[in-house]
2 protein chains.
Amino acid sequence: MKKKITLKTIAKELDVSVSTVSKALKNSREISLDTRKKIQAFAQLYNYRPNNIAISLKNRRTKNIGVIIPDIIHHFFTSVFRGIEKYANTKGYNVIVCISDESFDKEVINMELLANGSIDGYIMSLAGETQKKGDYSHLISVVDQGIPLVLFDRVTDQIQCDKITINDEEAGYMATKKLIEGGSKNIALVMNENYLNVDAQRAHGYYRALQEAGLKVDDSMILRLPYQFEDEEKSEWFFKENDIDGLLSVNEVFAIRCMKRLQQLGKRIPEDVAIIGFTNGILSQMANPPLTSVTQYGQRMGKTAAQFLIERVESQLEDTQMPYRTEVIQADILERETTR
Amino acid sequence: MKKKITLKTIAKELDVSVSTVSKALKNSREISLDTRKKIQAFAQLYNYRPNNIAISLKNRRTKNIGVIIPDIIHHFFTSVFRGIEKYANTKGYNVIVCISDESFDKEVINMELLANGSIDGYIMSLAGETQKKGDYSHLISVVDQGIPLVLFDRVTDQIQCDKITINDEEAGYMATKKLIEGGSKNIALVMNENYLNVDAQRAHGYYRALQEAGLKVDDSMILRLPYQFEDEEKSEWFFKENDIDGLLSVNEVFAIRCMKRLQQLGKRIPEDVAIIGFTNGILSQMANPPLTSVTQYGQRMGKTAAQFLIERVESQLEDTQMPYRTEVIQADILERETTR
DNA sequence: TAGGTCTACGAAAACGGTTTCGTGTTAATA
DNA sequence: TATTAACACGAAACCGTTTTCGTAGACCTA
């Protein structure tokens, strides 16, 4: 087992000072070419790698990004994550991931875990519980300390920071309109039973489209489900009770689950019931029939988030002031086989 | 914007030395109760948090785990990751994730990125290219440096380290046997076109079951696909050419894609073709019909991997020698509706 | 009263780098 | 020949902790 080699080792071995070694390895002209060559050769030979932690301590930056997301089962979050990771890596940053599990407490704990200098900034999407509770003190505290924060998807205007969202209201509107244009009149909306700002936005769009088409807006047409969809009875009851011919879901998991249930009840998709779900993930692609869906461009979202964060981190070094930005990524509807 | 508060700040403010502050905050009996109380109160008031980086430097350990996985679209990897993350967090460790994208070069770069002291150890599943190439020098180098490494799923016996696998050969055997018992005689095997040790193992099991049942083993019954399944023609041709009544796939994505293709060709599942896939993920659950699959217990795998790694990391501190362990997690077959 | 033992704290080294500043030697200039 | 500039390097401070060791003063004991 090889011991780790440090500047000190090299210095001792080559009988020069640590500062000389450091400068030589940075190819500083302050050191004679001879000495530089010698030191560089030695370092190469012994495969010297500067200790990142020491550099982090010195520079007071880690080149680590903290990502906190509610879950990793929804394709949307994994694709955003992928976008972040890809971009960050090209910039020499690493990504530390924590999963809040939709829980307020875990979100707080995870932020704490990362707060002590382990990361240069956060990229987050709020936990459901946090949005429900409306308690953002942990975020405020972070922003107060001057730690950069980028919020995506599940954002809040209680916090001043960079944000990336999609045009949820409009997407909800467009999707609903598409269902209406396909001839649907009784359109159900499936959303999370716990409050999420994105769901609320999408619901707005849904309402607007219905009203515009002169269709009745009825709260009984809304099915609210728990994150994991464990509540089988609720949906069973809902679909028996309501005679729907269209369905809009705020995510693809709900959409597919509902589609299966409808199929079990003998409904044909899309002839009897047309369906659109948010998130164009593998589930939507692989579904039978393939699901028409609102593509959220998760990877692009992640990339933009990472870009915003890194720009802000690096702007801090130069002490330049940057205004907070909000980018809205336009969602599209990708038509497949569950709409008419 | 609040400035970060350090031991030095507190020391200056309270007119004591840094060492006194440090000890007082650890509630050392070396410091008088009065002083302790005073310092603790002050720290509390200003919300002092020790700088993790400094502690890492001092302790020469970061409490970070590096995870390198080939992709994040297969449910198997995300579930292993989730297992790692969950367990690691309970032990106060953070997880840094890199994705190798099945590429040798990216795997090497990612390892380098993490090697410089950012992490205490690695948990990895090898990239396809790495297994194909058979070049493990980057891993050997890491092990040589004494950095703990745990390999899961895609392992190799070229490297001496802790390993977690499933009983791939046996699982392949059992799955094939189940298909045979269901009456299938012409059973296709779908695997990655690039060499993967897990695929090879599963194929062994498949052969063994066929031979045992006296069925002919024919290489033309094997469909080899690229990771992303972009090669639509190949599978189309395969299913037109071969009249199969059973199919075993090394992952759920291939399984579902093949099922869709077979359905398009008018085959009924499972009446005409019975299907079993590896990985019991959401895709399998949501498929239509739901896929019978080999459950790999990804979360448990991740948890065990994290446990092995953390145990080894912490054993290093006490200089105790630990033998390398290999844990084989028994895979089960979960019967759903694609088998008879 | 000299010597010993606590108590309560501080100085300093250490972790592994970077960077500023100072200095001895040599060479160039007045 | 005296002055100065350039060169090549080293000492030391610093990032924020932890930890070992040293010690001043109070108190106790023979």
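Within every chain, numbering begins at 1; the chains are lettered A, B, ... in the order of the sequence lines, protein sequences first and strands thereafter.
Remark: side-chain polar atoms of A:Thr62 are not paired, donor with acceptor, to backbone N or O of A:Ser56 under 3.5 angstrom.
Of the candidate nucleotides C:dT18, C:dC15, D:dT18, D:dT18 has the atom lying nearest to any side-chain atom of B:Val18. The side chain of A:Ile31 lies closest to D:dC9, out of C:dG17, D:dC9, D:dT18. In the set C:dT19, C:dC9, C:dG17, the nucleotide with an atom closest to the side chain of A:Lys23 is C:dT19.
The side chain of B:Arg60 contributes an N or O atom lying less than 4.0 Å from OP1 or OP2 of C:dG16. For the OP1/OP2 pair of D:dG10 and a distance below 4.0 Å, the side-chain nitrogens and oxygens of A:Ser17 include at least one atom meeting the criterion. Not one side-chain nitrogen or oxygen of B:Tyr48 sits closer than 4.0 Å to the OP1 or OP2 atom of D:dG16. An OP1 or OP2 oxygen of D:dC9 is reached within less than 4.0 angstrom by a side-chain nitrogen or oxygen of A:Ser32. At least one side-chain nitrogen or oxygen of B:Ser22 sits closer than 4.0 Å to the OP1 or OP2 atom of D:dT18.
Between the side chain of A:Glu30 and the base of D:dC7 there is no donor-acceptor pair of N/O atoms closer than 3.5 Å. Not a single donor-acceptor contact under 3.5 angstrom links the side-chain atoms of A:Lys26 to the base of C:dG17. Between the side chain of B:Ser19 and the base of C:dA11, at least one donor-acceptor pair of N or O atoms lies under 3.5 Å. For A:Lys58 against D:dG16, no side-chain N or O and base N or O form a donor-acceptor pair under 3.5 Å.
The distance from the OH atom of B:Tyr136 to the OG1 atom of B:Thr156 is 3.5 Å, given to the nearest 0.5 Å.
Going from atom CG of A:Asn116 over to atom P of D:dG16 covers 14 Å, rounded to whole Å. Between the NZ atom of B:Lys8 and the P atom of C:dA12 there is a distance of 15 Å, given to the nearest Å. Put simply, CG on A:Asn52 is 11 Å from P on C:dT18, counting in whole angstrom units. Remark: C1' of D:dT18 and CG of A:Leu57 are 13 Å apart, rounded to the nearest angstrom. Residue B:Asn59 contributes atom CG, which lies 8 Å from atom C1' of D:dT18 at whole-angstrom precision. What separates CZ of A:Arg29 from P of D:dA6 is a distance of 14 Å, to the nearest Å. Counting to the nearest Å, the P atom of D:dC14 and the CG atom of B:Leu7 are 16 Å from each other. Atoms CD1 (B:Ile10) and P (D:dT17) sit 8 Å apart, rounded to a whole Å.
Proximity of the aromatic rings of A:Tyr46 and A:Phe42 is defined here by a centroid distance below 6.0 angstrom, and this criterion is met.
With a 4.5 Å cut-off on side-chain heavy atoms, B:Ile164 and B:Val155 do not count as touching. Considering only heavy atoms from C-beta on, B:Ile65 comes within 4.5 Å of B:Leu309 through its side chain.
Each end of the helix from C:dT1-D:dA30 to C:dA30-D:dT1 yields a helix axis from five base pairs, and these two axes differ in direction by 80° (to the nearest 10 degrees).
Under the 6.0 Å distance and 45° angle rule, A:Lys303 does not count as a cation-pi partner of A:Tyr87.
B:Arg49 comes within contact range of the sugar-phosphate backbone alone, with a heavy-atom separation under 4.0 Å but no base atom that close. Note on B:Thr35: only backbone sugar-phosphate atoms sit closer than 4.0 angstrom, heavy atoms only; bases stay farther off.
At most 12 heavy atoms of other shown residues, nucleotides or ligands fall within 6.0 angstrom of atom CD in B:Gln160.
In this structure, B:Ala54 and B:Val16 both approach DNA chain C, and ranking their closest nucleotides by distance from the 5' end singles out B:Val16.
Partner of B:Asn89 under the side-chain hydrogen bond (donor to acceptor under 3.5 Å, both in side chains) criterion, chosen from B:Lys91, B:Glu85, B:Lys86: B:Glu85.
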